[in-house]
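Remarks on the structure that follows.
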Number of protein chains: 2
Amino acid sequence: MNDSRYVSTAQVAEVLGVGVTTVKRWVDEGILPAHRTAGGHRKLLLADVLRLARQSNFPNQNLGPLFAAGHALVPAHVQDLEQALFVALERGDGDLVRSLIQGAYRRGVPVDDLADGVIAPAMQRIGHDWETGKIDVFHEHRGSQLCVAALHELIGLVSSSAAGRRPLALGGAPEKDPYVLTSLLAELVLRQDGWQVVNLGPNTPLASLRKAVNELKPRLLWLTVSYLEDADTFLTEYRQLYQESDRLGVPVAVGGRALTDSLRARMPYTTYGDGMAHLSAFARTLSPGKRRPPRGRPTKQSNG
Amino acid sequence: MNDSRYVSTAQVAEVLGVGVTTVKRWVDEGILPAHRTAGGHRKLLLADVLRLARQSNFPNQNLGPLFAAGHALVPAHVQDLEQALFVALERGDGDLVRSLIQGAYRRGVPVDDLADGVIAPAMQRIGHDWETGKIDVFHEHRGSQLCVAALHELIGLVSSSAAGRRPLALGGAPEKDPYVLTSLLAELVLRQDGWQVVNLGPNTPLASLRKAVNELKPRLLWLTVSYLEDADTFLTEYRQLYQESDRLGVPVAVGGRALTDSLRARMPYTTYGDGMAHLSAFARTLSPGKRRPPRGRPTKQSNG
DNA sequence: GACAGAATCGTCTAAATCGACTGTTTAATT
DNA sequence: AATTAAACAGTCGATTTAGACGATTCTGTC
């Protein structure tokens with residue numbers, strides 16, 4: 001198992017902006033303490049690297065990839081990660097939020113796990129603390145903004161180059177639903193799966209979404225509903241949207257915590273999902289290009 | 001993609017059109033932030049170099065070498081750029097939007113010009129086309145989302161190193177104002193100017209903003225008002241916010257197209273601005289006088 | 001126009017860093 | 001346990017940088 005306290009020379013080199021050779025020499029000269037494996041590989045203690053970084057006046061935001069290897073602050077398990085993210089969001093520590101999310105991704109945490117098991121629960125707890133008066137609204141807003149920024153950055157990381165024609169997914173959140181995060185998470189997982197995504201964002205009238213389906217002819221339509229003002233008008237408009245999509249052969253994936261069982265029973269849809277893992281799995285059945293990871297050591301998720 | 005955020009003194013010298021010796025001296029004098037390797041080599045953060053390049057007028061700044069990636073053709077004049085961005089936004093061409101915005105920044109277009117002369121007008125035209133029925137809501141939403149994504153990416157580019165304590169700016173948009181873009185543009189220009197920014201985003205109750213001022217003790221409070229539901233209640237709450245800020249010695253900068261002349265006449269504020277250029281200029285009067293490099297040497301660029 | 005001060009430039013050597021090479025180690029998959 | 005591809009170690013030459021020095025050029029003033 002990879003002991004999460006240790007990092008490799010290459011990781012240190014990338015973060016510190018120097019060559020691998022330099023890091024090796026520093027270790028040999030005693031500037032950086034390190035342990036060696038039985039085979040001779042250098043294993044650097046994260047704390048030592050961080051100490052050197054502080055001494056050299058490093059910008060915090062560039063230390064993100066280092067946390068990817070697993071720091072005490074970036075736990076190995078998703079529950080601990082969620083807890084850490086929650087704290088970082090509540091404190092408003094933007095650098096830490098970025099480090100945690102990016103680090104988890106680079107360490108190999110699947111994006112749907114990241115969405116369903118880390119980001120969504122953390123923001124839900126923030127929202128709960130706000131509703132119960134434990135924190136002020138501005139704490140929630142600040143955390144949400146930090147999350148959005150980190151997600152946009154992550155989306156930029158996972159988006160593959162536009163090689164070949166990728167299937168198009170269209171989606172958003174309905175009118176009066178102000179939550180940007182859920183549609184952003186949907187965009188994230190779909191992009192990770194190789195889709196081309198048009199995210200109309202929150203507060204999108206369903207009638208307008210219907211026009212978009214007509215014009216863009218997507219291969220998939222998703223709808224995340226976190227908040228509903230009027231269920232009846234929503235149902236009416238949604239049925240029209242579904243009818244149109246069905247006519248065009250566009251599958252409709254719905255989700256979101258505002259869709260109660262009773263409400264869902266009155267809705268037609270192609271698939272319903274509790275989280276992004278469902279959406280991702282469903283999308284994969286539609287997209288033919290399901291690439292399997294190569295053998296051997298898993299590829300580092302760096303993208304060009 | 002050469003995504004190394006660090007650059008060497010020689011690269012900086014070439015880009016800024018000055019000698020290597022000068023760059024070294026600037027770093028030693030604290031004009032340019034940098035950290036040193038264990039061997040003493042200076043490592044500069046790209047964002048810091050770019051900010052310096054914009055703050056002072058260099059004889060020949062050729063930002064090209066720092067960005068190897070060949071981008072789409074970026075028009076030279078802001079009007080053409082705005083037109084190109086408008087078309088890209090309306091078409092939903094996300095890659096083009098990113099290229100235009102980032103390309104303009106890299107070409108040396110100041111961020112306040114980018115905000116006031118390109119992004120804001122383009123989105124305003126999109127909004128106008130939507131109101132007049134020329135395009136559908138989803139076009140507007142799609143364009144807005146693309147803009148937000150591109151801006152978040154740009155913010156990541158301009159954010160500087162955390163070395164030293166930077167002044168804190170706090171801000172957002174009031175309740176019922178759903179526009180994310182204006183507060184995002186404010187965050188962009190402030191970050192470009194070296195501020196640390198807490199952006200509470202749209203739809204922030206002013207009472208909550210008041211609590212945030214109390215808790216965070218910022219050096220500057222900004223408020224962008226693009227839409228107002230009820231001017232009277234806004235005024236009441238705003239006056240309380242201003243009173244509290246004034247008591248704490250926090251200057252208040254307001255702006256946004258919802259603040260009409262008559263409304264503004266009834267508001268106290270430290271400064272009002274039509275655009276981000278005003279905000280940036282005002283913020284610079286507050287920011288501790290950062291040492292600026294003396295005049296560059298305009299002639300003789302050839303080297304042996 | 002001449003002067004003084006300041007800022008910049010190019011050049012030098014020692015030192016630090018980089019990149020490429022080959023053989024070895026690691027760890028996930030079968 | 002065997003397989004396999006990625007990542008690492010060790011080495012060496014090529015390149016780059018730091019630091020210091022004097023010469024050059026710019027700016028403002030008399």
Side-chain angles (χ1 to χ4, degrees), chain A residues 1-45 49 52 55-57 65-66 68-70 76 106-110 291-304, chain B residues 2 4 6-32 34-44 49 52-53 56-61 65-66 291-304:
Chain A
M1 271 307 279
N2 51 348
D3 197 332
S4 59
R5 294 175 308 175
Y6 291 107
V7 291
S8 72
T9 52
Q11 291 173 301
V12 176
E14 184 190 346
V15 168
L16 263 46
V18 297
V20 186
T21 316
T22 304
V23 177
K24 290 193 279 189
R25 184 164 26 80
W26 285 351
V27 171
D28 295 344
E29 290 174 358
I31 297 173
L32 266 173
H35 296 155
R36 315 281 288 227
T37 67
H41 283 199
R42 282 170 259 252
K43 287 297 174 186
L44 300 147
L45 207 53
V49 181
L52 181 68
Q55 283 176 6
S56 303
N57 227 354
L66 203 56
R106 296 201 188 201
R107 202 182 53 200
V109 176
R291 57 185 185 279
R292 300 183 58 177
R295 289 189 191 158
R297 199 164 168 165
T299 62
K300 196 172 99 179
Q301 300 260 5
S302 67
N303 202 339
Chain B
N2 188 11
S4 175
Y6 295 114
V7 288
S8 69
T9 51
Q11 289 174 287
V12 175
E14 185 187 351
V15 167
L16 261 46
V18 298
V20 185
T21 315
T22 305
V23 177
K24 289 194 278 190
R25 184 166 27 79
W26 283 350
V27 171
D28 294 343
E29 290 175 359
I31 296 174
L32 264 173
H35 63 263
R36 321 271 293 218
T37 67
H41 285 200
R42 298 171 181 88
K43 292 283 178 184
L44 297 124
V49 178
L52 179 70
S56 27
N57 41 355
F58 278 88
N60 22 349
Q61 49 172 305
L66 284 186
R291 299 179 63 180
R292 303 181 64 171
R295 311 148 295 275
R297 184 166 133 176
T299 58
K300 191 156 177 221
Q301 204 27 238
S302 65
N303 55 3

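Quick note: numbers below take in every heavy atom, side chains included, and nothing from hydrogens, waters or symmetry partners. Numbered from 1 within each chain, the chains take letters A, B, ... in sequence-line order.
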Could you give the [atom1]-to-[atom2] distance, from [X] to [N], as a whole number of Å?
X       : N      : atom1 : atom2 : answer
B:Glu14 : C:dC9  : CD    : C1'   : 16 Å
A:Arg25 : D:dA9  : CZ    : C1'   : 15 Å
A:Arg36 : C:dT24 : CZ    : P     : 16 Å
A:Trp26 : C:dC18 : CH2   : C1'   : 12 Å
A:Lys24 : C:dG19 : NZ    : P     : 13 Å
B:Asp28 : D:dT17 : CG    : C1'   : 13 Å
A:His41 : C:dT24 : NE2   : P     : 12 Å
A:His35 : D:dA9  : NE2   : P     : 15 Å

Restricting to non-hydrogen atoms, name the atom on [X] and the atom on [Y] that form the minimum distance, rounded to 0.1 Å.
X       : Y       : value
B:Tyr6  : A:Val15 : CE1-O, 3.5 Å
A:Leu16 : B:His35 : O-NE2, 4.4 Å
B:Lys43 : A:Gly17 : NZ-O, 3.2 Å

Taking for A:Gly19 and for A:Gly39 the nucleotide of DNA chain C with the nearest heavy atom, the one nearer the 5' end belongs to A:Gly19
Assign each of A:Val23 and B:Val23 to its nearest nucleotide of DNA chain C by heavy atoms, then name whichever residue's nucleotide is nearer the 5' end.
-> B:Val23
Using OP1 and OP2 only, check whether a side-chain N or O of [X] sits under 4.0 Å from [N].
X       : N      : value
B:Thr22 : C:dA7  : no
B:Ser8  : D:dT16 : no
A:Thr37 : C:dT26 : yes

Pick base, sugar-phosphate or nothing for [X], based on heavy-atom distances below 4.0 Å to the nucleic acid.
X       : value
A:Val20 : nothing
B:Lys43 : sugar-phosphate
B:Thr21 : base

Counting N and O atoms only, with roles assigned by atom type, does the side chain of B:Gln11 sit under 3.5 Å from a partner on the main chain of B:Ser8, one being a donor and the other an acceptor?
-> yes
So, do A:Trp26 and A:Leu52 sit near enough that their side-chain heavy atoms are less than 4.5 Å apart?
-> yes
B:Ala10 has a side chain; which of D:dA9, D:dT17, C:dC9 sits nearest to it?
-> D:dT17
Which nucleotide, C:dT26, D:dA9, C:dT17, lies nearest any side-chain atom of A:Arg42?
-> D:dA9
